[in-house]
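Working notes for the structure below.
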Protein chains: 2
Amino acid sequence: MSAHSSNPDTPRGVSAITQSSEALAHVFAALGDPTRLKLVAVLCAGGAFSIAQLTANTQISRQGVTKHLHVLAEAGVVRDVKQGRERLWQLEPAQVEAARQTLEAIGREWDTALQKLKVFAESL
Amino acid sequence: MSAHSSNPDTPRGVSAITQSSEALAHVFAALGDPTRLKLVAVLCAGGAFSIAQLTANTQISRQGVTKHLHVLAEAGVVRDVKQGRERLWQLEPAQVEAARQTLEAIGREWDTALQKLKVFAESL
DNA sequence: CAAAAAAGCAACCAAAAGGTTGCTTTTTTG
DNA sequence: CAAAAAAGCAACCTTTTGGTTGCTTTTTTG
């Protein structure tokens, strides 16, 4: 499959979004689970919490919560610090900010997309 | 488990994010796959495309793409219109906008979170 | 109208996700 | 130092996900 720009099936201007879609998808996937989203919400509102504290807010076991926290950590959404016998978790702003910016970019391109759609529709 | 506000394990102010975390996680999960994210990017940049066209941009089979499109559709991220013998897909702004607003909300609450974290750290 | 194009349907499969339970290790505290 | 608290490790299990292949249906076009 030749990837020349003359391929009529491949629209241009996809830019920033297509680029790091691998890492970005990772962040979205991390946020794509109700339990994890709630964990993020709690961390977001409060600061740093232990696993036991975070577990108290959920319906699942401590080990289940631990697994979710590791998923979030691998996506770079949260960070942990060992403090004595407990491990405290907090948000890591950078990655979520990147995700937000992507959605913003998509939002910005919508005007363009809708205009093109209009032109396209008129050509039928 | 009594859910009184006096429970020290349950931080307050989680607000908007906790609410519809079910539906919201659905949207994030839909965006949480490289292939789907690219599909969204293409749709975002271009308007309305057929399955065959969208498949040309990927490495997977047409049926694979179709499945992904249905995942996006169930999350409300895309919409489809049958046009003759082909089915055209386009973005559905509303849901993605909601996701963006959530991330923005998280971003806004970070200042608060970091301040609380500072106070918390000082109390050690 | 027959052939080609586009998409739909359904069965199937391997791998990953989400969760559990049971036991061990580390750190705190009476 | 012994007991309790917090967390780590590992095995296990079920459901979902991401993908395939093969065949059918619908619509267009020569």
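Note that the coordinates shown come from a computational prediction; the quantities given were computed from them, not determined experimentally. Numbers restart at 1 for each chain; the letters A, B, ... are given by sequence-line order, proteins then strands.
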N/O to N/O distances under 3.5 Å, protein versus nucleotides 18-21 of chain C:
from, atom 1, to, atom 2, distance (Å)
C/dG18, OP2, A/R36, NH1, 3.1
C/dG19, OP2, A/H68, NE2, 2.3
C/dG19, N7, A/K67, NZ, 2.9
C/dG19, O6, A/K67, NZ, 2.3
C/dT20, OP2, A/S61, N, 2.9
C/dT20, OP2, A/S61, OG, 2.6

Quick one: which protein N/O atoms are closer than 3.5 Å to N/O atoms of nucleotides 27-30 of chain D? Pair and distance per line, please.
from, atom 1, to, atom 2, distance (Å)
D/dT27, O3', B/R85, N, 3.4

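The side chain to side chain donor-acceptor pair (under 3.5 Å) search around A/Q63 returns none, not counting sequence neighbours. Every side-chain contact (heavy atoms from CB on, under 4.5 Å) that B/E86 has, sequence neighbours left out, goes to B/S50, B/L88. Take A/A98 and apply the side-chain contact (heavy atoms from CB on, under 4.5 Å) test, not counting sequence neighbours, and it matches no residue. Residues satisfying the side-chain contact (heavy atoms from CB on, under 4.5 Å) criterion with A/T66, sequence neighbours excluded, are A/I51, A/R62, A/H70.
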- Item | Dot-bracket line, read 5' to 3' along DNA chain D, where crossing pairs take [ ] and | marks a partner on another strand, Watson-Crick or G-U under 3.5 Å | ||||||||||||||||||||||||||||||
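C/dA16 atom C1' lies 12 Å from atom NE2 of A/H26, rounded to whole Å. Remark: P of D/dT17 and CG of B/L37 are 18 Å apart, rounded to the nearest angstrom. Per the geometry, CZ belonging to A/F49 stands 15 Å off P belonging to D/dA6, to the nearest Å. Regarding B/L69, its CG atom lies at a distance of 14 Å from the C1' atom of D/dG19, rounded to whole Å. Between the C1' atom of D/dG18 and the NE2 atom of B/H70 lies a distance of 15 Å, rounded to the nearest Å. What separates CZ of B/R87 from C1' of C/dA7 is a distance of 8 Å, to the nearest Å. The CG atom of B/D80 sits 18 Å away from the P atom of C/dA6 (whole-angstrom rounding). As rounded to whole Å, 12 Å separates atom P of C/dA6 from atom CG of B/L88.
With hydrogens and angles ignored, the 3.5 Å screen pairs no side-chain donor or acceptor of B/E22 with any backbone N or O of A/P34. B/R100 contributes no side-chain N or O that, together with a main-chain N or O of B/Q95, makes up a donor-acceptor pair within less than 3.5 Å.
Contacts classified as salt bridge (charged side-chain N to carboxylate O under 4.0 Å, His left out) and involving residues 66-80 of chain A (residues at least two apart or in different chains) are given here: A/R79-A/E92, A/D80-A/R87.
Side-chain contact between B/V81 and B/Q90 is present, with at least one heavy-atom pair separated by less than 4.5 Å.
Residues A/L91 and A/L69 fall within the same hydrophobic cluster, defined by Ile, Leu, Val, Met, Phe, Trp and Tyr side chains chained together at heavy-atom separations under 4.5 Å. In this structure, A/V78 is a member of the same hydrophobic cluster as A/F49, with clusters built from ILVMFWY side-chain heavy atoms closer than 4.5 Å. Linking ILVMFWY side-chain heavy atoms closer than 4.5 Å, directly or via other members, places B/V71 and B/I60 in two distinct hydrophobic clusters.
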